[in-house]
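Here's the structure we're looking at; comments come further down.
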Amino acid sequence: MFFHRNNDDDPRPSGGARPLPLLPLRDIIVFPHMVVPLFVGRERSINALEEAMSHDKEILLAAQRKAKTNDPAPEDIFPVGTIGKIIQLLRLPDGTVKVLVEGAERARIRRFLPNEDFFLCEVEEVVEPSIVGVEIDALLRSVKNTFEAYVKLNKRIPPEMLVTIQTIGDPSRLADTLVVHLSSIKLDDRQSVLETLNPTKRLERLLELMNAEIEILQVEKKIRSRVKKQMEKSQKEYYLNEQMQAIQKELGEKDEFKSELEEIEERLAKKSLPREALSQVKKELKKLKMMQPMSAEAAVIRNYIDWVLCLPWSETSEPTQDLLEAQRILDEDHYGLKKPKERILEYLAVQTLVEKNQGPVLCLVGPPGVGKTSLAKSIARATGREFVRLSLGGVRDEAEIRGHRRTYIGALPGRLIQSLKRCGTNNPVFLLDEVDKMSSDFRGDPAAALLEVLDPEQNASFSDHYLDLDYDLSDVMFITTANTLNGIPIPLQDRLEIIELSSYTDFEKLNIAMRYLIPRQLEAAGLTPSEASRAADAASAALLDDDSPRATDAPIAQTTTAAMTTPEQPIEFTEAAVRAIIHHYTRESGVRSLERQIGGICRKIARKVVEQRSLVQQGEANADKHGPASGLEAGMPRTIEREDVPVYLGVPKFLPEKLHDRDEVGLTNGLAYTSYGGTLLECEVAIVPGKGKLVITGLLEKGMQESAQAAMSYIRSRQRVLGLDEDFYHKIDCHVHFPEFVPKDGPSAGVTMATSIASALLKIPVRRNVAMTGEITLRGRVMPIGGLKEKLLAAHRAGIDTVLVPAENRKDLRDVPTRVLSELRIVLVEHTDQVLREALSVSDPDALFGDSREAPLEYRDGKLYTPTRAASEDEDVPEPTVDAPGARQ
Ligand code: ADP
């Protein structure tokens, strides 16, 4: 149906305005020079088209303010639009119309004319101002450049557009052409461009819109490329994984994971696990099966399962309970150590009877190198258990014992569980070394964890953080070691049965070296065929058999010759050589350094042997060839003499302690106890004119200053007895000095200082062959000291005749080897007066001190003498020391 405009009442206005039918547009704005196809469905719109077709095919194209409005009123339509020329009109079968229109020029709606069938309005064409000039050229250029950048980012615009755009010189046309291509501009913005009549302003607005678009596009591009990269990465990984699997399949490895799972199942079936552990492993295995074999989580689970399956849950070694055999092994591995061995055997006996590791845990306490670790190893051998060692020195984190929870990356079980895995049985001898060297900080207290480990009540269900399962430690035989008791946390001490191992005497060292260290080092250096060394060992053990430390008094000469004349033993160390090593190259309580020095000599000899052998092979040596069977080539040293030692070990590191040549005023021999044993500690005193100052110098331990003051005060209190002036103290300064650089264990030089001071004040020399030890009180009482055995050994070594010892230390004489005891005169002093009587070189002490004080008890030749009686056999002699009287050489 066609509607015709009634020409009679054509309200065509005068003055450039004319009536035109209006096609309201949804969502599109048609610009001049733009050709667009439109689909028209609304009846009023079709009528408007009909009307236009019946005239000059012109129609006003103006947009609706809201696209959704179906039946727009005049106010719903923007007042500015474009007059369009209909190029083609096509009726579609569904009654709608497809129309191709071309925008001609801008026009403004003056008013709507009354018409029922379609919108008819009075339209006024808009005349645009024409603009020329440099400014507009520049604007044109920059708009074109910006558009070019825009095209580069927006792939939807065909690049030919750029060529078309370059040819457009008219600013208005350029703006109208470009705006069409800015697809993402909002309808309102487009309309505003249409309504901007001034071409310059329109271009500027367009520039603005384009720049905003470019910015958005750039951000979009960045995001896109990032996403793409991520996609590519995961795709790549996926692809590579797939490829790897394909390759594995080709190689027949595809089923590796499957076979790994099968292997785990198999191991699981064979392993006898506690119920809790079994269900845990099964759970983890189930999880593993559902995972990507190469994923990180799978690795964590695999690791966990492996740990649980490798741990000895029920694997045990059959412990032997033969106590005699145990004793034999302990004796075979160690020289001396009678007391510790006895204690160990008692301990083993109790364990055997109660059939469980119960009660306190053994703790071997002693300086380094005295055989704590090797004793523990022997216990393992003697009881038929495996041996594991875990050093706790420097452990400050509880997690080192208990492990980290599995949630941490790279988590592992604690060192305890790790060691058990390594040993492979659940009832080893477990040596916890250096329990006194643990420390605690904010990461927890390792001692607390250790308490749980060592407590038989609790350790049946020890829980490691990593395993998160209870592990039964009750069959493990724990042994601990420490250098000093002080360092062991008190709650831990409660659980321990302390066995003290003290320093070795030179004699013991000599024996250990001869019987154990030398054969072992020779063998380690390849200098003796192992059978030969064993034969030598056996021979020496048979000949030197003595299970008491007292038997060390047996003549050494016999010992050494016996050991060294074993025909198979190719290299021999003389006793004098070993003594030289002990005295001049080591200073220690144990024998570790001694073993190292012997090892050093053996290695040097080994080198010589090899060099000699090459010489022989080259024919340069014409020596008599004995062949390598003897382990040595001709011309090689077979006996290491005392003189050879410096050749191998260089200049002696320690000079022997020597007494000064004569009795001196103010110079006294003290005795000190250091970490490597006892030593002489000289104390010098000089009295100079002054004002009563007391100066003390040298390497001092804490408390020595106070000791010196006490000593001085005591001397002042005895001023009258000693025959000193009443105000002697005001006119002098007293300088006490310890010239030797000796780290000392605790102050016990009180009496030494008092003697030196008295000697210096009285100008009476101190006997050079007297040494002393003891703390002093203000009243002159002599207080007991520690390390008596070591101190007496040192005095003996240095050639001292008489040692003044606090009377209260009498009980400690039991531990002193008879050999040493019998060669010293030991005076048990209670008071410093007694010390001065003994030490000061005066012909008639009674003249100086009066005879009021009781003379002290003393030991001579290992026997007790009282001042009144001569050698009394029935006196209370410390029991073990009289084992081998008369052994003095
Ligand atoms: P510790 O653990 O006390 O520091 P070790 O047990 O490591 O000392 O001993 C050091 C070395 O000395 C070891 O080779 C050990 O065999 C040896 N040793 C120590 N004491 C004796 C001894 N009484 N008899 C034989 N060898 C000993």
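Whatever order the structure lists them in is the order used to number ligands and atoms, beginning at 1.
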Query raised in the report: Which ligand 1 atoms does Gly371 reach within 4.0 Å, using its non-hydrogen atoms?
Result: 1 (P), 3 (O), 5 (P), 6 (O), 8 (O), 9 (O), 19 (C), 20 (N)

Report task. Identify, by atom number and element, the atoms of ligand 1 in contact range of Asp333, meaning under 4.0 Å from any of its heavy atoms. Result -> 25 (C)

Requested in this report: Please say whether more than 12 non-hydrogen atoms of neighbouring residues, nucleotides or ligands are located less than 6.0 Å from CZ in Arg607.
Outcome: no

Query raised in the report: Would you say the side-chain atoms of Tyr504 pair up with the backbone N or O of Val370, donor to acceptor, closer than 3.5 Å?
Result: yes

Query raised in the report: Starting from atom 1 (P) of ligand 1, which protein heavy atom do you reach first, and at what distance in Å?
Result: Arg592 NH2, 3.2 Å

Query raised in the report: Starting from atom 17 (C) of ligand 1, which protein heavy atom do you reach first, and at what distance in Å?
Result: Val591 CG2, 3.8 Å

Requested in this report: Number the atoms of ligand 1 from 1 as they appear, then name those within less than 4.0 Å of a heavy atom of Arg520, with their elements.
Outcome: 14 (O), 16 (O)

Report summary line: If we number the atoms of ligand 1 from 1 as shown, the ones under 4.0 Å from a heavy atom of Pro368 are 4 (O)

**Report entry** Under 3.5 Å donor-acceptor, Gln493 side chain and Leu485 backbone
**Finding:** yes

Query - ligand 1 atoms in contact with Leu337 (distance to a heavy atom under 4.0 Å) - result: 23 (N)

Query raised in the report: Counting N and O atoms only, with roles assigned by atom type, does the side chain of Glu386 sit under 3.5 Å from a partner on the main chain of Ser317, one being a donor and the other an acceptor?
Result: no

**Report entry** Salt-bridge criterion met for Glu611 and Lys608 (N-O under 4.0 Å)
**Finding:** no

Requested in this report: Could you tell me the residue and atom name of the protein heavy atom closest to atom 26 (N) of ligand 1, and the distance to it rounded to 0.1 Å?
Outcome: Ile512 CG2, 3.6 Å

Report task. Could you point out which residue of Lys339, Arg810, Lys789 forms a salt bridge (charged side-chain N to carboxylate O under 4.0 Å, His left out) with Asp815? Result -> Lys339

**Report entry** Lys372, any N or O under 3.5 Å of ligand 1 N or O
**Finding:** yes

Query raised in the report: Do the charged groups of Arg596 and Glu588 touch, with an N to O distance under 4.0 Å?
Result: no

Query raised in the report: Applying a strict 4.0 Å limit to heavy atoms, is Arg515 in contact with ligand 1?
Result: no

Query raised in the report: Hey, looking at atom 14 (O) of ligand 1, which of Glu595, Arg596, Lys377, Lys341 has the closest heavy atom?
Result: Glu595

Report task. Please state whether Gly590 comes within less than 4.0 angstrom of ligand 1, counting heavy atoms only. Result -> no

Query - Ser474 versus Asn459, side-chain donor and acceptor atoms under 3.5 Å - result: no

Report task. Below 4.0 angstrom from a heavy atom of Ser374, which ligand 1 atoms are there? Numbered from 1 as shown, please. Result -> 6 (O), 15 (C), 16 (O)

Query raised in the report: With a cut-off of 4.0 Å, which atoms of ligand 1 are near a heavy atom of Tyr335?
Result: 22 (C), 23 (N), 24 (N), 25 (C)

Report summary line: Numbered in order shown, the ligand 1 atoms found under 4.0 Å of a heavy atom of Thr373 are 1 (P), 2 (O), 6 (O), 7 (O)

Query raised in the report: Does any non-hydrogen side-chain atom of Asn426 lie less than 4.5 Å from one of Leu420?
Result: no

Query raised in the report: What protein heavy atom sits nearest atom 20 (N) of ligand 1, and how far away is it?
Result: Tyr504 OH, 2.8 Å

Report task. Answer yes or no: is there a donor N or O on one side and an acceptor on the other, between the side chain of Arg402 and the main chain of Phe462, under 3.5 Å? Result -> no

